[in-house]
Participant: 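Below are the structure tokens for one structure; questions will follow.
The sequence lines fix the lettering, A, B, ..., with proteins before strands; numbering per chain opens at 1. These figures come from a predicted structure and were not determined experimentally.
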There are 2 protein chains.
Amino acid sequence: MEMLTFSMDVKGKTPLYRQLYKYIKTEIRASNIVCNTKLPSKRKLARHLNISQNTIQAAYDQLIEEGYITPIAKKGFFVNGLDNILSLDLKQVENLKNIDVNAKKILYDFSYHGVDHDSFPFSIWRKLTKETINEYDKNILITSSSQGSSLLRLSLAKYLRQSRGVDCTAEQIVISSGTESLYQILIQLLGQEYVYGIENPGYEKLNLLFKCNNTKFKSINIDMKGMKIEDIEKSRADILCITPAHQFPLGGIMPINRRIKILNWAYKKINRYIIEDDYDSEFKYSGKPIPALCGLDTNGKVIYIGSLSKSLSPSIRVSYMVLPDLLLKKYRERLSFIVCPVPTIEQKVLQRFIEEGHFDRHINRMRNIYKRKREILIGELAVLKNEIEIIGADAGLHLLLRIRNGMSEDKLVKVANDIGVAVYGISNYYYDKSSVGKIPTVLLGYASIPEEDIRIAVKELIKVWFNKV
Amino acid sequence: MEMLTFSMDVKGKTPLYRQLYKYIKTEIRASNIVCNTKLPSKRKLARHLNISQNTIQAAYDQLIEEGYITPIAKKGFFVNGLDNILSLDLKQVENLKNIDVNAKKILYDFSYHGVDHDSFPFSIWRKLTKETINEYDKNILITSSSQGSSLLRLSLAKYLRQSRGVDCTAEQIVISSGTESLYQILIQLLGQEYVYGIENPGYEKLNLLFKCNNTKFKSINIDMKGMKIEDIEKSRADILCITPAHQFPLGGIMPINRRIKILNWAYKKINRYIIEDDYDSEFKYSGKPIPALCGLDTNGKVIYIGSLSKSLSPSIRVSYMVLPDLLLKKYRERLSFIVCPVPTIEQKVLQRFIEEGHFDRHINRMRNIYKRKREILIGELAVLKNEIEIIGADAGLHLLLRIRNGMSEDKLVKVANDIGVAVYGISNYYYDKSSVGKIPTVLLGYASIPEEDIRIAVKELIKVWFNKV
């Protein structure tokens, strides 16, 4: 190729070398300059375009680096051969926009997600965060160990011992970002070849998690005391996923003898384990807190899972588990390459929040707030004492209503939705729908809905469910 | 049972009802009070112990709730039968303490992890965080959508278009906490039945990740241009995991024609995909940045992975990927139950950091800092120009040294360690060790080591490697 000519934009923002680079690149891609063409020498092209040789050099360097041309010593610059890019007929992808324009406007939401929005300790959290983002502490730029910050684990171990009766060391704790991510680790740790037994009804995400991990699971029906041993045996499950502190969603507390029976079940075979999700256990409104099942276990068969989603906020994404020694050893051998997903700054803020006593104070405060909300909710429902039955222990952040007004569960939910009140049908939480009870039942969470809204919303519900004012 | 007697501690801190509850519980657990025993009535026991009936009621209530006793109407309180807890002979678990007491003290670390510790934008990050933790913004207490905050995804899409030539929408982006967690999602999304092709040498965690997911993978040898098509075909891999911007660890940039060939390879079968890890692509010290491979893809076959670990800090745990439309659809159908692991507050801080231009400024600043460090490192090594060869493009945060001084790679690393300098043998990054080259090669990262330390450490290395002063 003798010479190249292109229209330079001398006054433009783009440097000349980039204009030249882009021009040659486009010409090569369009096959206007073909393979093995020798480009003009730098000297000649510089003279021709009346620009400096350095500019040409910069353009050629970029082309070399991206692989469009190759310099050959004492010969010059040669264009490389480029393959054509194939083109596929892709199936038309349907419109991906979320279709929720037709969703009813919800004014009052009895969701069981979330926490009371007016009670988050904003000023303390802000203060601790501000102090933590400190240029003299270079450790906040380093990822924590695989299991999470050791100081935070120390604080959590102390909290678990004092508040949940779990006798563990900081070494046994693994910190992660949510219950699902802990289950993800546990599936890898325990093995995909085992059968997991999940509660029916239960936490609706568990079956999705096992499915997308190609892991076998069986749903096991529960009564108000939890899973029955004969059903567990029948299911041939190896690993049980249970919520003994406050079953979700039925709200039962597993009594001591069922706990012992389930522990004994686990002790009978080497591969059996119990995953105890100690979901919303901080909130018990009468009597003494009931220690975690893990505290009864003397043989390293219970994996304890805790979370700050209910006690602080789901948006901080912190959960943790306590591994029995044998599993801890396996974790360290096989999974310690996993990086703890919780940001270092946040781990440090949380550690100080717990260590300086703010967490205990916060929980105690929240216990009173949620107790009051529960009382208001139950109080407002008192006029219906003959038509509805309230299910679940005096604990947690939700309750169930068994309603006898002739409406189906779907209908109960729908008429509530139509007036802007969100309640949740219990059948959503059944994996095996054939076990759904005969009496229509809805779930009402009361953590995030304000007190005043509870009063208004229940009055509205009574109107549409019972025609009462 | 006629009556119960126990030693009360009237002046103690523990309330009387708890003392009574604990005493009865212990007696039941020890079988001193057996199944079906009727406990004394509240009235009688209160008179006997000279305490109020309410105290007895509180203790009995707690025992009922935990399942130790059952109230029977008009009959009284009866002790439930408890199973014995089995005991197992567990194998002695070896001492789990980390054994690193014998590790040499490292004074100068050429690790490729981490970032420059003096350049993190502490004051801006602190200011933005302080402003974000705001009691009037209740959204920070709510988890973001499964794919992450939509505002942050908008900012990232804009950044990717402008800086990396990736033409994507915010809808296509999934935010998660680190490259590993993105791969975890991808394995679930693409399926465990496919064979993943990984670079040899390459990122050392990938094979561990596939192993613990029971997912098949093949390591594919690379040259300075990346994987060769014939090797890819031979491996029978379906999905390639590659680092075209700056191969880790060899440091090559994939030239345009290899890019086209690899795209065409992917276009030939419906299940083929390319996972492009755009690892440390922000740092290129000469010429123009080379657009991501994803930008060339017209058929939705490249999954782009980006991370803020190198450009901001690994401790903030933020990474993201761009899904082609078909995979996005599948993600929404099957995996949208996954909660984004990045805390809501941090997502908001990061979004403002990018949107207000701090991120661009930070990258530009860091590019100069790292360029200077690289120049210092290369400058200090210049005296060895006949004995060592520097490998890798003028980019990224590490370089490789091929060293001909008669020492093996292990020996090079060991003598450096002995004087407190950490360098890393290239063979660590080979999954298939049979492909390790013949010339001993070590990796030197220069992101986190201070400039002055580079000068000192290289002088020390020259001493022990070449006996020169």
Side-chain angles (χ1 to χ4, degrees), chain A residues 61-62 65-68 80 82-83 85-86 88 90 93 96 117 120 122 125-126 129-130 133 135 138 140-143 171 177-178 181 188 192 205 208 212 214 253 255-257 260-261 263-264 267 287-288 290 299-300 313-317 325-326 328-329 334-335 337 339 341 343-344 346, chain B residues 61-62 65-68 80 82-83 85-86 88 90 93 96 117 120 122 125-126 129-130 133 135 138 140-143 171 177-178 181 188 192 205 208 212 214 253 255-257 260-261 263-264 267 287-288 290 299-300 313-317 325-326 328-329 334-335 337 339 341 343-344 346:
Chain A
D61 281 351
Q62 184 74 27
E65 201 165 35
E66 295 192 18
Y68 286 97
N80 296 327
L82 290 197
D83 296 36
I85 296 185
L86 302 179
L88 287 185
L90 283 190
V93 177
L96 285 159
H117 288 182
F120 185 82
F122 285 97
W125 198 260
R126 187 164 48 226
T129 308
K130 205 180 117 193
I133 304 173
E135 26 280 89
K138 305 299 184 192
I140 63 169
L141 297 179
I142 297 171
T143 54
E171 282 198 308
S177 61
S181 73
Q188 292 170 2
Q192 283 176 313
K205 286 189 181 179
L208 299 171
C212 77
N214 285 328
I253 296 174
I256 181 70
N257 206 38
I260 294 173
K261 277 183 197 294
L263 281 179
N264 284 341
Y267 294 167
K288 214 172 79 77
I290 296 171
N299 293 323
S313 168
S315 67
I316 73 161
R317 310 303 311 132
D325 283 352
L326 275 174
L328 178 59
K329 193 162 169 283
R334 294 181 43 199
L335 297 180
F337 74 92
V339 183
T344 307
E346 202 190 39
Chain B
D61 280 350
Q62 183 74 26
E65 201 165 36
E66 295 192 19
Y68 287 95
N80 296 327
L82 290 197
D83 296 36
I85 296 187
L86 302 179
L88 286 185
L90 283 190
V93 177
L96 285 160
H117 288 184
F120 184 81
F122 285 97
W125 198 260
R126 186 164 48 228
T129 308
K130 205 180 115 192
I133 304 173
E135 27 281 85
K138 306 299 184 191
I140 64 170
L141 298 179
I142 297 171
T143 54
E171 282 199 307
S177 62
S181 72
Q188 293 170 0
Q192 282 178 314
K205 287 189 179 175
L208 299 171
C212 76
N214 285 329
I253 296 174
I256 180 70
N257 206 38
I260 293 174
K261 278 182 197 297
L263 281 179
N264 284 340
Y267 293 167
K288 213 172 82 78
I290 296 171
N299 293 323
S313 168
S315 67
I316 73 162
R317 309 303 311 131
D325 283 351
L326 275 173
L328 178 60
K329 192 162 170 282
R334 294 182 42 198
L335 297 179
F337 73 92
V339 183
T344 307
E346 202 190 37

Participant: In Å, rounded to the nearest 0.5 Å, how long is the span from CZ of B:F122 to NZ of A:K138?
Facilitator: 4.5 Å
Participant: Where on B:I140 is there a heavy atom nearer than 4.5 Å to chain A: the side chain, the backbone, both, or neither?
Facilitator: both
Participant: Just so I know, are the side chains of A:S181 and B:P341 near enough to count as touching, which here means a heavy-atom distance under 4.5 Å?
Facilitator: no
Participant: Where on B:T344 is there a heavy atom nearer than 4.5 Å to chain A: the side chain, the backbone, both, or neither?
Facilitator: both
Participant: Give me the atom names and distance for the closest heavy-atom approach of A:K130 to B:K130.
Facilitator: CD-CD, 3.4 Å
Participant: Just how far is it from atom CH2 of B:W125 to atom CD1 of A:I133, taken to the nearest 0.5 Å?
Facilitator: 8.0 Å
Participant: Would you compute the distance between atom CD of B:E346 and atom CD1 of A:I316 and round it to the nearest 0.5 angstrom?
Facilitator: 12.0 Å
Participant: Among B:V339, B:I256, B:T129, B:T143, which has the most heavy-atom pairs under 4.5 Å with chain A?
Facilitator: B:I256
Participant: Counting distance only, does the side-chain N/O of B:K205 pair as donor-acceptor with the main-chain N or O of A:F337 below 3.5 Å?
Facilitator: yes
Participant: With a 4.5 Å limit on heavy-atom distance, are the side chains of A:Q188 and B:N214 in contact?
Facilitator: no
Participant: With chain A, which of B:P343, B:S313, B:P255, B:G178 has the greatest number of heavy-atom pairs at distances under 4.5 Å?
Facilitator: B:P343
Participant: Could you grab the distance from atom OG of A:S315 to atom CD1 of B:I142, nearest 0.5 Å is fine?
Facilitator: 8.5 Å
Participant: Can you check whether B:I253 reaches A:E66 side chain to side chain, under 4.5 Å on heavy atoms?
Facilitator: no
Participant: Compare all side-chain heavy atoms of A:D83 with those of B:N264 and state whether any distance is below 4.5 angstrom.
Facilitator: yes
Participant: Heavy-atom distance under 4.5 Å to chain A: side chain of B:E65, backbone, both or neither?
Facilitator: both
Participant: A:N80 versus B:N257: any side-chain heavy-atom pair under 4.5 Å?
Facilitator: no
Participant: Flag the one option from A:C212, A:P314, A:S177 with the top tally of heavy-atom pairs under 4.5 Å to chain B.
Facilitator: A:C212
